[in-house]
Structures are given as C-alpha cells and as structure tokens.
Amino acid sequence: MPPRVRIAPSPTGAPHVGTAYVAQFNRAFARKHGGAFVLRIEDTDRTRSTKESEEAIYAALRWLGLDWDEGPDVGGPHAPYRQSERSEIYREHTAALVEKGAAYRCFCTPERLAEVRERQKAEKSSFFGYDGHCRDLDASESARRAAAGETHVVRLRIPSEGATRFEDLLRKPIEIAHKEMDDQVLLKSDGFPTYHLANVVDDHLMGITHVLRAEEWIPSTPKHLLLYRAFGWEPPVFCHLPLLRNKDKSKISKRKNPVSLEWYRDEGYRPEALRNFLALMGWSPKDETEVFDEARFVAEFEPEDVKTTGPVFDLEKLDWLNGEYIRAMPEDDLANAIVAHVGKDLDREELARIVPLVQERMKRFADFESVADFFYADEVPLAKEEFAAAKKMTDADRVEALKAALALVEAADEVGVDLEPALKEVATERGWKIGPFFMCLRIAITGKRATPPLLESMAVLGKDRCVARLRRAATFLAEE
RNA sequence: GGCCCCUUAGUCUAGCCUGGUCCAGGACACAUGGUUCUCAGCCAUGAAGCACGGGUUCGAAUCCCGUAGGGGCUACCA
C-alpha cells in the first residue's frame, strides 16, 4: 500500500522554515514510494488563524517547489482539507466518545483552571494539569447541563493506571505513564476541536499511514494513541523529526533566526539551494555528497535515516550552498533571476555583460546590488581615505596616475582588456607598483576597493563613463 | 518542579545496529600559501572533535550502567 503522508501547518503567521523542512521529508517519502502528499490547514485556533497566512503558506511552499497532491486549494478525495470546514465531523466524533465514556464534558471555568494551576505551582506539585474535577460527573446531569446551554469543553478520559507505549521510527520505544498525562481538552467551548482531536480524526479519515512531524509532539503522542484506541482505529506509523535549532540550541525562532520563507525568497536564495540545505539538516546521501538535486534526494531518502539530534540552522553554510547554485546557473537564467529580484527591467544587453563579472561574487541575488552598484550609479562616491588603499603612492602620484590613465582611455577607440599592457607600461615607467596603480584607478571608476576585474568592468561601462569618472576623480584628488 | 527526547571539531555530518580496516572521514566557517589589478572564485596545506566517569572485552566513537549538559512538553496554541 503506497504511503499517505501530510503536513498540517497552522495559518497563524509567516510561512515557517520548519514547515518547509518537515514538508520536504514527507514529500520525498511519498514521491519515492508512489504515495500521496497531503496539505491540511489546521485553522482551529479561530483567534490566531488568518486567510492571509494561509495564502502565504501556499505561495511559499510553491515557490520552494514543494507541491502537494491534495489540499484545500487543489481538492482531493478527502475534502475539505481545511479544519475550520470540518467542525461537524469533529462534533460527531466527540459525541461518540462521550457516549462511550471515553470522553466527558467539563464545565470548569477558565478561572477555576487558573486557580488549580496556581495551587499546583504553589504546592510545588510534581503534577501540573487538569485535576479531574468534572471527570466523574453523573452522565445524565452532564447531559442536562449541556442541553441547558451551559458552557463546557469535552475532555479525553485518560486511564488512571498504566502507561501508553509507542514505537517511533527513529527511536527506542517511548512510554509515558498515564498519571503523567492530564485529561486533554478535545473540543473547546467555542465548538472547535483542539489540535489533538482534529489531528487524529483527520489523519484517520484521510488515510494517513505515516506521521512525520517535529519532535515537539512526542509528549502528546500517547494521548493521540489513546484517541485512536478509543475510536477503535489503527494508528499510523510515527516518526518524530528533529527540531531545527538556533545557535544556542533552542528551538528555532524568529528572534534568533530568519524563520519566514518569504525572507529567504526576498533575500535571493534559490529554492533548490534552500531545499538542498534543509535536506542536509539531519540527513545526508550515502556518499556524503553535499550538493544534490531533488531527484537524488527522492531516490535516496528514507525517514529512518534521519538523525535525531536537533541541527543548528547555520546561515553561513546556506550562503555557501546558494553561491554554489548561483555559480552553476546558465548566465541567461541568472540574468533573469536578477531582473526578477531587482523588480525592474534592466538593460538586457548590458546585464548580459555584467553577469559573468558578478556571478562568482554573489551568495544571494540580493548581493547584486552591492556588487554591481557602480555599473548603475551616475556618480561613484569618492573619499580620500579610500585612495589610501593605493599604497606607496602620494596624492600627487595618484592624480598623475589618473591623468595618465585618462589620456590612454581617451586615445583608445574602445576601453577594455586591450588597454592592460599600455597601463602597465605607464605604471612601470613612473615607478609605481602595478597593484596600487590599478587600485587607484579602481577606486576612481567604482568608488570601492573590492570589485570585479577592473578592465572588464570598464569595458561594460564604456569609454565615456570611464573618462568622466577618471576626470572627476583626478579633480577630486587634486583639490585639497 | 515533573515527564520525555538528544549528546562525534565553532557548525552540518559519515562511522555506531553487525566492536578491530578510525592514532575518526567529508563539508561550511577559520588560518596559511598559490593563481591574480582588488575582491570573489579556483587549487593546495593546516588547526580543530568521539561530553564525562565506570564497566564488558585481547580490543570501544561503536555494547551496558551512571553522571553531567542541552532541548522539548507541561494551554479551551499548534
């Protein structure tokens, strides 16, 4: 039977890198085995869920290339895939549980719950959680109060004795004693289900065979198992993936890391690079290749090969990987990507000449701005201190150097690498080192010390702009 | 506090299941050198690790126990 897997993001904020991380593993597993990858929107938190966030999740995952086979926007045999549209299903299932006695109504007020929590804290109790106040309410009285419209939630009745044990694809069997669990709320007072209920009901109804989700869910998995049992359903296989971490090893968060997929898109990361990087978090191909494509990932990935240690999200390595991908791009593709990133149309002919000069100098598309800015500037910023980088030359030398170069450029039909021998000759004649001499010109032409090769850059700029910049710099340096 | 998960260099990892071929391999970052008009790229070289303590064994990164450290959960959030 081909596997059916899913991701179940909550539309409560910017599309999260952790969602993409888990999505990619799920999707690869489904693709490899000819199964289905389902996207389900868990919008049962009515106060935090937004339509915008939901749309942003679709857009971000599609940008990354993580498309799904079934979902709210594409439909599928188990629609609807948006939990807010499945309320009736959850209500019916909850009623069945109450009927069986596996769940019960709880009429406790939020205030009472808060008090209980306070008391447990004050008593330094080893148990924190619901105290079971409504657990043994008479069934007919419970039904009467509910019928009278009294506000209540429905809680799962956890057995008081014993423990629930489960197998995780990646770990030794995990067992949690029932006395450590409290009676989890299944249906909130607003009639919407909690994650636990909706998740179990939907996974079952949607035929999910394998649950690959983040390890933060381990502690509540026994509750989910108890639910499967109460319904009389066969539970799926569980595989708890490691949590992405900040540098300090805490769970990845937006305070300590860029976490929104939109940031990565806007910064100019290639989707392939980000996915490659994410795949490397906890997993690696057998031969330890670092750079690989989706086909290879899908062909080799098995969930049981994922490492359980939470990997620290290292932007520096992502930058390196993205640079690798950028360098591997055909120049036309890179030009298109740059135009898309800049958001306005650039002179294509000129851009085609700039691309080879900047390609190996960019780690993100956003770098284009800082690497290629001088090609687009009307005037380049000049500062006396910058010219100090033309070492072992006096200001008078520098002015002279600029003038000499100016004369050569003016005399030439075209500026470009052809000028190199003549320029070197000038430098040698005057007793200037080649390095400092070129540095002096570089700063005049680009305003910076670190740039693409000078003569190639000048060729792109053309004679007129080079003349203007050299002349301006000479004047600038000459005046005190 | 309680419960649960995790532990190979600064970071990502291979090796661990089936102990010896590992005086632990690869990658990022870092350092040095080379190429060179700067930067980048590329090439070469280098520094850096099996958390700790016991045990089992002829032999342990690999098996067992303990300790320490980190993390997660502990909501009518997911």
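Atoms considered below: every heavy atom in the structure, side chains included; atoms not considered: hydrogens, waters and symmetry mates. Order of the sequence lines fixes the chain letters, A, B, ..., with proteins taken first and strands second; residue numbering starts at 1 for each chain.
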Exercise for the section: If B/C4 has a Watson-Crick or G-U wobble mate with both distances under 3.5 Å, name it; if not, just say none. Expected result: B/G71
Practice task
Give a yes/no answer on whether the side chain of A/Thr44 brings an N or O atom under 4.0 Å of OP1 or OP2 in B/A78.
Solution key: yes
Fill in the blank from the handout: When rounded to whole Å, the CG to P distance for the pair A/Leu321 and B/A29 reads 10 Å
Exercise for the section: Counting heavy atoms from C-beta on, name the nucleotide in B/U38, B/U11, B/G2 closest to the side chain of A/Lys249. Expected result: B/U11
Problem - B/C76 phosphate, OP1 or OP2, under 4.0 Å from A/Arg117 side-chain N/O - result: yes
Handout entry: B/G41 OP1/OP2 closer than 4.0 Å to side-chain N/O of A/Lys363
Key = yes
Handout entry: Main-chain N/O of A/Gly268 paired to A/Asn322 side chain as donor or acceptor, under 3.5 Å
Key = yes
Practice task
Begin with the C-alpha distance, continue with both residues' side-chain angles, and end with the deciding distance and a verdict on ring-ring contact (aromatic ring centres under 6.0 Å, His included) for A/Phe277 and A/Phe313.
Solution key: CA-CA 9 Å; A/Phe277 175 71; A/Phe313 194 91; 5.0 Å; yes
Handout entry: Test applied, side-chain hydrogen bond (donor to acceptor under 3.5 Å, both in side chains); reference residue, A/Arg6; option that passes from A/Asn26, A/Asp202, A/Asn199
Key = A/Asn199
Problem - Phosphate contact (B/C37 OP1 or OP2) by A/Arg449 side-chain N/O below 4.0 Å - result: no
Exercise for the section: Sort out the partner of B/U57 for me: Watson-Crick or G-U wobble, both distances under 3.5 Å, none otherwise. Expected result: none
Exercise for the section: Map A/Glu360 and A/Ile174 onto RNA chain B by nearest heavy atom, then report which one ends up closer to the 5' terminus. Expected result: A/Ile174
Exercise for the section: For nucleotides B/A47 and B/A31, find the distance between their P atoms and express it as a whole number of Å. Expected result: 16 Å
Handout entry: Side-chain N or O of A/Lys188 closer than 4.0 Å to phosphate OP1/OP2 of B/C77
Key = yes
Fill in the blank from the handout: Closest to the side chain of A/Lys317, out of B/A14, B/C37, B/G26, is B/G26
Exercise for the section: Could you pick out which residue, A/Glu420 or A/Met281, lies toward the 5' side of RNA chain B when each is mapped onto its nearest nucleotide? Expected result: A/Met281
Handout entry: Residue-phosphate contact under 4.0 Å: A/Lys172 side-chain N/O, B/C5 OP1/OP2
Key = no
Fill in the blank from the handout: For B/G66, the nucleotide meeting Watson-Crick or G-U wobble distances (both under 3.5 Å) is B/C52
Exercise for the section: Would you tell me if any nitrogen or oxygen in the side chain of A/Thr309 comes within less than 4.0 Å of OP1 or OP2 on B/U7? Expected result: yes
Practice task
Using only heavy-atom distances, decide whether a donor-acceptor pair under 3.5 angstrom links the side-chain of A/Gln359 to the base of B/G41.
Solution key: no
Problem - Donor-acceptor pair between A/Ser253 and A/Asn246 side chains, under 3.5 angstrom - result: yes
Completion exercise
Any strand, both distances under 3.5 Å, Watson-Crick or G-U wobble: B/G33 pairs with B/C43
Handout entry: Residue A/Ile176, side-chain heavy atoms: nucleotide from B/U74, B/C4, B/C42 that is nearest
Key = B/C4
Exercise for the section: Please tell me which of the listed nucleotides, B/G26, B/U13, B/G71, lies nearest to the side chain of A/Pro311? Expected result: B/U13
Practice task
Would you mind pulling out the nucleotide paired to B/C16, Watson-Crick or G-U wobble, both distances under 3.5 Å?
Solution key: none
Practice task
Find out whether the Lys NZ or Arg CZ of A/Arg155 is both under 6.0 angstrom from the six-membered ring centre of A/Tyr130 and within 45° of the ring's axis.
Solution key: yes
